[in-house]
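These notes are about the structure you will find just below.
Order of the sequence lines sets the chain letters (A, B, ...), proteins ahead of strands, with each chain counted from 1.
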Amino acid sequence: DVKVTQSSRYLVKRTGEKVFLECVQDMDHENMFWYRQDPGLGLRLIYFSYDVKMKEKGDIPEGYSVSREKKERFSLILESASTNQTSMYLCASSTTTGAGNTIYFGEGSWLTVV
Amino acid sequence: AQSVTQLGSHVSVSEGALVLLRCNYSSSVPPYLFWYVQYPNQGLQLLLKYTTGATLVKGINGFEAEFKKSETSFHLTKPSAHMSDAAEYFCAVSASGYSTLTFGKGTMLLVSP
């Protein structure tokens, strides 16, 4: 089974803190994604990466950055956390053979910024 | 550009009743379509997907969906609801040649005894 592991399930951070959300996948997938989930808004793509050191902006990249130094690991960084970034963050991965491939999700990280 | 519209943020059914969750999509290229389910405090799990071929797709837990190009729809159905089906369901679309998914806003399925 594909395993996408998000290191922290629940985090509480203060406004202005730098926050790292870590994600690791064990299936040698080329593509990795960070989505944000909010009630009534569904999932929105923040950033994705199709290869090591490569990244592409999604629909809502403002206030976020990402890092992919190794194929299996994709980190989401909030440079200066704000209360409007309180949300559920979902990491995902997939193979790179074009559209139609299943995207596998982690369990999610609940971030509260106070 | 692609988009997904899920009709109804909440759908309530009785145990044993038909489940119908509606999804319409917009895509400028032939779409690949997905349904995911999310149980409380968990990530998303794939229920089923349509890529090419047969337009009626069967998934896990007795769910199925039919791709209707003329109606730009991909509605999810299950003949008989079970209490364990209570969850949030997301429809998603991706376009040929791309790997990202565009999600609908989700439909919460409530199942009463």
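By number of non-hydrogen pairs under 4.5 angstrom with chain B, the leading residue of A:Gln37, A:Arg9, A:Arg44, A:Met88 is A:Gln37.
Using a 4.5 Å cut-off between side-chain heavy atoms of Ile, Leu, Val, Met, Phe, Trp and Tyr, with links allowed through other members, B:Phe90 and B:Phe34 fall into the same hydrophobic cluster. If you chain together hydrophobic residues whose side chains sit under 4.5 Å apart, B:Leu76 and B:Leu110 never meet in one group. One hydrophobic cluster, built from ILVMFWY side chains closer than 4.5 Å, cannot hold both A:Val4 and A:Tyr89; they sit in different ones. Hydrophobic cluster membership is shared by A:Ile60 and A:Val66, with clusters built from Ile, Leu, Val, Met, Phe, Trp and Tyr side chains linked at under 4.5 angstrom. In the hydrophobic cluster analysis, where Ile, Leu, Val, Met, Phe, Trp and Tyr join through side-chain heavy atoms closer than 4.5 angstrom, B:Tyr25 is grouped together with B:Tyr89.
In this structure, chain A has no heavy atom under 4.5 Å from any part of B:Gln6. Contact annotation for A:Tyr10: only side-chain heavy atoms (C-beta onward) come within less than 4.5 Å of a heavy atom of chain B. Only the side chain of A:Leu90 comes within less than 4.5 Å of a heavy atom of chain B; its backbone N, CA, C and O stay farther away.
Smallest separation of non-hydrogen atoms from A:Thr102 and B:Lys49: OG1-NZ, 3.0 Å. The minimum heavy-atom distance linking B:Tyr36 with A:Ile103 is given by the pair OH-O, 2.7 Å.
Between A:Tyr50 atom OH and B:Thr100 atom OG1 the span is 13.0 Å, to the nearest 0.5 Å.
Within the 4.5 Å cutoff, no side-chain heavy atoms of A:Phe33 are placed close to those of B:Leu101.
Residues from residues 38-48 of chain B that place a non-hydrogen atom less than 4.5 Å from a non-hydrogen atom of chain A comprise B:Gln38, B:Asn41, B:Gln42, B:Gly43, B:Leu44, B:Leu46, given in numerical order.
Residue B:Lys105 places its NZ atom among 12 or fewer non-hydrogen atoms of other residues, nucleotides or ligands, all under 6.0 Å distant.
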